[in-house]
Visitor: 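Take a look at the following structure, please.
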Amino acid sequence: MSALIDVQAADGLPRARTPALIGALTLLLIAGPFIGLAFATHWSDFHFAAGDRASIGVSLGYSLIALVLIVALGTPLAWWLARQAFRGKWILEAIILLALLTPPLAMGILLTALYGPYGPVGGMMAGTGLELTNSAPAFVLAQFYAALPYYVVAARAAFEGVPRELEHIALTLGKSPWQTFWQVSMPLARLGVAAGIALAWVRALGEFGIVLILAYYPQGIPVKLWVNLQDIGLPAVYPLLWVFFLVAMPLPLLLGLASRRQRLF
Amino acid sequence: MRIDYRIEHPLRLQARFEVEGFTVLLGQSGAGKTTLLRAIAGLLPAQGEPFGGLPPQHRAVGYLPQGYALFPHLRAWENVAFALPRGAQRRAQAMELLARVRLADVAEHYPAALSGGQQQRVALARALARKPQLLLLDEPSSALDAATRDEVMAELISEVHEFGLPVLAVSHDPHLAAQADSVAVMSAGRIVQQGAPADVLLRPGSVAVARLLGHRNLFSGRIAGHEPGAGVTLLQWEAADGALLRLPQRPELAVGQVVQWMIAPTAVRLPSLKPEHHRSDNPVSGRVESRLNLGAHFQVALRCGSERLWLDAHSNLVRYHGLENGSEITVDLRSDGLLCWP
């Protein structure tokens with residue numbers, strides 16, 4: 001194995017070459033499709049199809065709303081699962097697992113059955129004038145279901161990583177449970193929670209299956225990509241895809257950087 | 001301050017004792033010492049006074065757990081300021097408290113960059129910022145290295161004396177107990193003895209307490225008779241060839257009863273340098289098994305029958321008798337140093 005050990009890394013420890021080699025190869029596998037995309041794009045004739053601009057606004061705006069809802073409702077659930085022990089907790093865990101593993105298309109069908117005009121909740125809501133299929137609320141609802149379980153799983157793990165003793169000490173120092181959450185639990189869990197938010201964002205923005213069934217309209221980028229492919233063909237897909245990368249990337253990238261920058265302790 | 005707590009879960013215990021100045025509660029690992037502290041701090045369900053029934057955030061206690069539990073995401077001064085109300089004075093007050101524990105120069109450091117002793121003092125300052133009526137310390141000496149432990153603890157004790165706060169420290173370390181103002185001993189879920197350290201350390205109330213205090217010369221024997229005229233009770237040490245020992249009279253012990261007894265190593269005497277002082281209470285013969293040179297003192301282990309008897313003697317006396325491993329010697333077990341429990 002000595003041939004695979006490089007002289008010395010900056011920290012003075014021997015640096016192994018094998019993981020670096022395999023890592024580079026794996027990265028190349030991941031990058032492959034995007035390198036292909038760069039070559040396949042007609043850069044000289046780069047233009048958008050009708051409705052592309054609107055789909056960007058739909059995706060960004062509604063994903064943001066869905067993300068706020070996911071954090072607002074998912075954080076208490078994640079906290080509860082991380083901190084409370086009770087009988088039958090496994091049932092709650094199984095429900096979240098169920099939401100994670102249901103194929104998106106099937107989830108879309110289940111949601112339509114529940115929230116559609118003939119579903120129990122949808123029928124009730126229709127009476128108040130709120131339509132939960134092919135509407136802005138339906139779009140947000142679809143994204144909410146797609147991304148919530150991922151956020152809950154990540155945030156729960158993050159809260160479980162906070163030593164309980166530190167929360168207890170905060171209480172003995174006169175802080176209320178609410179203050180303890182904001183001043184101790186949240187700062188210490190922020191790395192994992194930020195990762196959960198980034199994951200939820202990516203899941204919500206890229207969701208296709210559930211959205212296709214529950215909210216074909218208004219069209220966000222993933223559905224519009226499909227529509228472009230059907231109606232016009234490949235050349236109409238690539239430009240919109242580039243824009244998708246451009247708008248989807250900044251939030252998770254910034255979250256990652258910001259939460260890591262203060263890692264002084 | 002009087003502590004009176006009853007706990008049912010996770011283990012059943014009842015603790016009723018006084019906290020005066022720096023009080024050490026001694027008990028074995030797993031005896032429920034940490035459980036008691038957490039109950040007083042309100043972190044687990046229990047009944048008792050003071051603070052009974054209040055949620056932890058409304059109890060005026062400063063709790064220093066083992067490992068100190070400093071907030072890793074806050075600098076030293078921010079840890080201290082944690083309990084202080086927001087305002088212009090917050091930082092100044094925190095710095096003042098840090099200065100009182102002589103740590104103003106590390107105010108900007110994160111806990112990971114502090115030594116164990118420094119972390120303990122930051123935790124102390126943080127607890128004091130809350131203006132507690134009682135300070136709770138969990139094994140304050142356990143995370144410190146042996147070389148500096150006594151010094152750090154002496155410093156901590158003088159600091160809390162300065163603040164004039166009652167302190168309850170739980171520990172299994174008899175060393176720490178010796179430095180305290182008062183010692184309480186917990187065994188089998190209750191307090192079995194409390195008093196000044198000298199009294200408790202020299203006169204343990206039971207063999208269990210003696211064991212907790214780290215006494216080594218613990219043996220069993222049989223009551224052989226009473227001599228009311230001489231005011232003595234006779235104890236036969238069967239393990240050491242049936243040696244007969246005299247102790248101050250204990251009429252409540254029945255003849256033939258098996259008892260536990262102990263003697264402090266300092267009450268086991270080598271024959272005096274001056275022959276006129278050759279008065280012997282309880283001569284016992286043994287063979288030197290090992291010697292520990294502590295400078296001015298020697299700790300000597302004697303093999304007496306099937307038991308090992310420790311004695312603590314002045315170096316001059318050990319040299320005078322020429323004690324080497326294997327030497328035979330007759331020592332005197334001072335009657336007034338003999339303690340005996342049924």
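Residue numbering restarts at 1 for every chain, and letters A, B, ... go by the order of the sequence lines. Only this structure's heavy atoms are used, side chains among them; waters, hydrogens and symmetry mates stay out.
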Visitor: Please identify, among A:Ala170, A:Pro177, A:Ser176, the residue contributing the most non-hydrogen atom pairs under 4.5 Å to chain B.
Guide: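 Heavy-atom pair counts peak at A:Ala170.
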
Visitor: Looking at B:Arg6, B:Met186, B:Glu8, which one forms a side chain to side chain contact (heavy atoms under 4.5 Å, CB included) with B:Gln14?
Guide: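 Passing option: B:Arg6.
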
Visitor: Between atom CG of B:Asp138 and atom OH of B:Tyr63, what is the distance when rounded to the nearest 0.5 Å?
Guide: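 Between B:Asp138 CG and B:Tyr63 OH, I get 5.0 Å after rounding to 0.5 Å.
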
Visitor: Please classify the contact between B:Gln66 and chain A as side chain, backbone, both or neither, with a heavy-atom cut-off of under 4.5 Å.
Guide: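 Backbone only.
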
Visitor: Against chain A, label B:Arg126 side chain, backbone, both or neither, depending on which of its atoms sit under 4.5 Å from a heavy atom there.
Guide: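 For B:Arg126, the contact with chain A is made by backbone and side chain together.
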
Visitor: Atom CZ in B:Phe163, atom OG in B:Ser158: separation rounded to 0.5 Å?
Guide: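 Reported value, rounded in 0.5 Å steps: 10.0 Å.
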
Visitor: Less than 4.0 Å between a side-chain N and a carboxylate O, is that true for A:Glu160 and A:Arg156?
Guide: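 Yes, A:Arg156 and A:Glu160 are salt-bridged.
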
Visitor: When only heavy atoms count and the cut-off is under 4.5 Å, which of residues 17-37 of chain B reach chain A?
Guide: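 Under the 4.5 Å heavy-atom cut-off, nothing qualifies.
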
Visitor: Hey, can you tell me if A:Phe245 and A:Phe34 have their rings parallel, tilted or perpendicular (30° and 60° cut-offs)?
Guide: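 Perpendicular, since the angle between the ring planes exceeds 60°.
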
Visitor: Classify the angle between the aromatic ring planes of A:Trp178 and A:Phe181 as parallel (below 30°), tilted (30 to 60°) or perpendicular (above 60°).
Guide: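 A:Trp178 vs A:Phe181 ring planes: parallel.
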
Visitor: Let me know if A:Gln179 has heavy atoms under 4.5 Å from chain B in its side chain, its backbone, both or neither.
Guide: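 Neither part, no heavy atoms under 4.5 Å.
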
Visitor: Taking salt bridge (charged side-chain N to carboxylate O under 4.0 Å, His left out) as the definition, give me every residue that meets it alongside B:Asp4, ordered by chain and number, with sequence neighbours left out.
Guide: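 Counting only residues at least two positions away or on another chain, B:Asp4 forms a salt bridge (charged side-chain N to carboxylate O under 4.0 Å, His left out) with B:Arg16.
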
Visitor: Decide if atom CE of A:Met125 counts as having more than 12 heavy atoms of other residues, nucleotides or ligands within a radius under 6.0 Å.
Guide: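 It does not: A:Met125 CE has 12 such atoms or fewer within range.
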
Visitor: Which region of B:Leu64, side chain (C-beta onward) or backbone (N, CA, C, O), has a non-hydrogen atom less than 4.5 Å from a non-hydrogen atom of chain A, or is it both or neither?
Guide: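 For B:Leu64, neither part sits under 4.5 Å from chain A.
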
